[in-house]
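So the structure is just underneath, and the comments pick up after that.
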Amino acid sequence: MNTVGIIPSRLESSRLPNKALKDICGLPMIVHVYKRCTFAKSLDEVYVATDSNEISQVIENHGGKVIMTSSHHDNGTERIAEAAENINAEIIVNIQGDEALVMPEHIDSAVIALVEDEKINVSILVNKFSKRNSPSDIKVVLDQNDNVMYLSRSDIPSDSRTKDFRLLKAYHILPFRKDFLMDYVKWDKGYLEQMEYNEYLRILERGHKIRAVLVKSSAR
């Protein structure tokens, strides 16, 4: 399958302005993400999708590929969908632009989930997590078949009765079948998506599955 990684990136980060260009050991964050993605064996090509000329110039200066997009997208998934319109690929992998330590083999693991099960249209990486009361981190609960039941900024499942259990956190690498991604962007936002500010809930509210793949990450 032809598989393309797309990294959505913008300067207007609500929590940390210009985050994409923050220096990490001599390189901008977005360059770290791009270069690490190019080592993933499952990706035939990698692009940064952005509305920022500054981000575009930085990536091109480091030998990377850029697709310019609209500045009116509400989330990264909508941005990569625009970027993917004219790309010939069966799988589009959404790789969050602040995953500066993304492991290439983790990207491969997420892609394999779609390759091995043709009924799955989207997958997501998850890792064990222990931080409490951190609304910037998306927590995940799974069913017995490793499909996502819900995603929340709250700590789920609740620890009001059972203490000291381990949470699962979303690790934002999401391969989509391209046809499914193009359908996704035509759907109206769901109630839960608007409540939680998480676009992946739009998929669950429509009754579709998201397959989770557990990996080990430094995020705890």
Does the ring center of His208 lie less than 6.0 Å from the ring center of Tyr184? no

Enumerate the salt bridge (charged side-chain N to carboxylate O under 4.0 Å, His left out) contacts for residues 56-65, please, sequence neighbours excluded, ordered by first and then second residue. Glu45-Lys65

Restricting to pairs with a member in residues 65-105, which pass ring-ring contact (aromatic ring centres under 6.0 Å, His included), not counting sequence neighbours? none

Got Glu82 and Ser70 here, is their nearest side-chain heavy-atom distance under 4.5 Å? yes

Beyond-backbone contact of Val93 with Ile6, side-chain heavy atoms, under 4.5 angstrom: no

Tell me, which pairs form a ring-ring contact (aromatic ring centres under 6.0 Å, His included) where one or both residues lie in residues 107-126, sequence neighbours left out? none

side-chain hydrogen bond (donor to acceptor under 3.5 Å, both in side chains) partners for Asp179, two or more places apart: none

Pairing donors with acceptors under 3.5 angstrom, does anything connect the side chains of Ser160 and Ser158? yes

Output all residues satisfying ring-ring contact (aromatic ring centres under 6.0 Å, His included) with His62, sequence neighbours left out; order by chain, then residue number. none

Side-chain donor/acceptor of Asp155 to backbone N/O of Asn133, under 3.5 Å: yes

side-chain hydrogen bond (donor to acceptor under 3.5 Å, both in side chains) filter on Thr69, not counting sequence neighbours, yields Arg79

Which atom pair, heavy atoms only, marks the closest approach of Ile7 to Gly97? CG2-CA, 3.6 Å

With clusters defined by side-chain heavy atoms of hydrophobic residues (ILVMFWY) lying less than 4.5 Å apart, directly or transitively, does Leu142 cluster with Ile210? yes

Ser134: side-chain hydrogen bond (donor to acceptor under 3.5 Å, both in side chains) partners, not counting sequence neighbours: Asp137

Between CG of Asn2 and CG of Asp44, what distance do you get to the nearest 0.5 Å? 4.5 Å

Where do Glu85 and Lys178 come nearest, in terms of heavy atoms and distance? O-NZ, 3.3 Å

Is it the case that atom CG in Asp143 sees more than 12 heavy atoms from other parts of the structure closer than 6.0 Å? yes

Between Val185 and Ala81 the two heavy atoms that sit nearest each other are CG1-CB, 3.3 Å

Could you give me the CA-CA distance, side-chain angles and deciding distance for Leu168 and Leu214, then say whether side chain to side chain contact (heavy atoms under 4.5 Å, CB included) is met? CA-CA 9 Å; Leu168 289 176; Leu214 179 65; 3.9 Å; yes

Any donor-acceptor pair under 3.5 Å from Lys139 side chain to Arg153 backbone: yes

Nearest heavy-atom contact between Ser42 and Thr3 is O-CB, 3.3 Å

Would Asp74 and Lys189 satisfy side chain to side chain contact (heavy atoms under 4.5 Å, CB included), going step by step from the backbone distance to the final call? CA-CA 10 Å; Asp74 290 330; Lys189 289 183 179 180; 2.9 Å; yes

Are Arg211 and Asp146 within salt-bridge range, i.e. N to O under 4.0 Å? no

Note, Val140 side chain near Met149 side chain (heavy atom, < 4.5 Å): no

Show the numbers, then the answer: is there a side chain to side chain contact (heavy atoms under 4.5 Å, CB included) between Ile107 and Val102? CA-CA 8 Å; Ile107 297 173; Val102 61; 4.0 Å; yes

Any side-chain heavy atom of Gln96 within less than 4.5 Å of one from Ile173? no

Test item: Gln57 and Asn53 side chains (from C-beta on) under 4.5 Å apart, heavy atoms: no

Quick note, ring-ring contact (aromatic ring centres under 6.0 Å, His included) partners involving residues 83-124, not counting sequence neighbours, are His106-Tyr171

In the structure I gave you, are the side-chain heavy atoms of Tyr47 and Ile80 within less than 4.5 Å of one another anywhere? no

Report, one line per pair, each donor and acceptor closer than 3.5 Å where one atom sits in a side chain of residues 113-121; sequence neighbours left out.
from, atom 1, to, atom 2, distance (Å)
Asp117, OD1, Lys119, N, 3.0

What closest approach, in Å, do Leu43 and Cys37 show between heavy atoms, and which atom pair accounts for it? CD1-O, 3.6 Å

Which residues pass the salt bridge (charged side-chain N to carboxylate O under 4.0 Å, His left out) test with Asp108, not counting sequence neighbours? none

Going by the side chain to side chain donor-acceptor pair (under 3.5 Å) test, which pairs reach into residues 191-201, not counting sequence neighbours? Thr77-Glu199, Tyr150-Glu196, Ser152-Glu196, Glu193-Arg202

Side chains of Lys41 and Pro104: closer than 4.5 Å at any heavy-atom pair? no

Ile55 and Leu21, any side-chain heavy atoms less than 4.5 Å apart: yes

Keeping to residues at least two apart or across chains, list the side chain to side chain donor-acceptor pair (under 3.5 Å) pairs with something in residues 26-38. none

If you apply the rule side chain to side chain contact (heavy atoms under 4.5 Å, CB included), what do you find for Asn61 with Val31, and how did you get there? CA-CA 10 Å; Asn61 286 347; Val31 175; over 6 Å; no

Might you point out which heavy atoms bring Gly5 and Ile95 nearest each other, and give the distance in Å? CA-CD1, 4.1 Å

Can you tell me how far CG of Leu192 sits from CG of Leu204, rounded to the nearest 0.5 angstrom? 8.5 Å

Taking the side chain from Thr50 and the backbone from Ser9, do they hold a donor-acceptor pair closer than 3.5 Å? yes

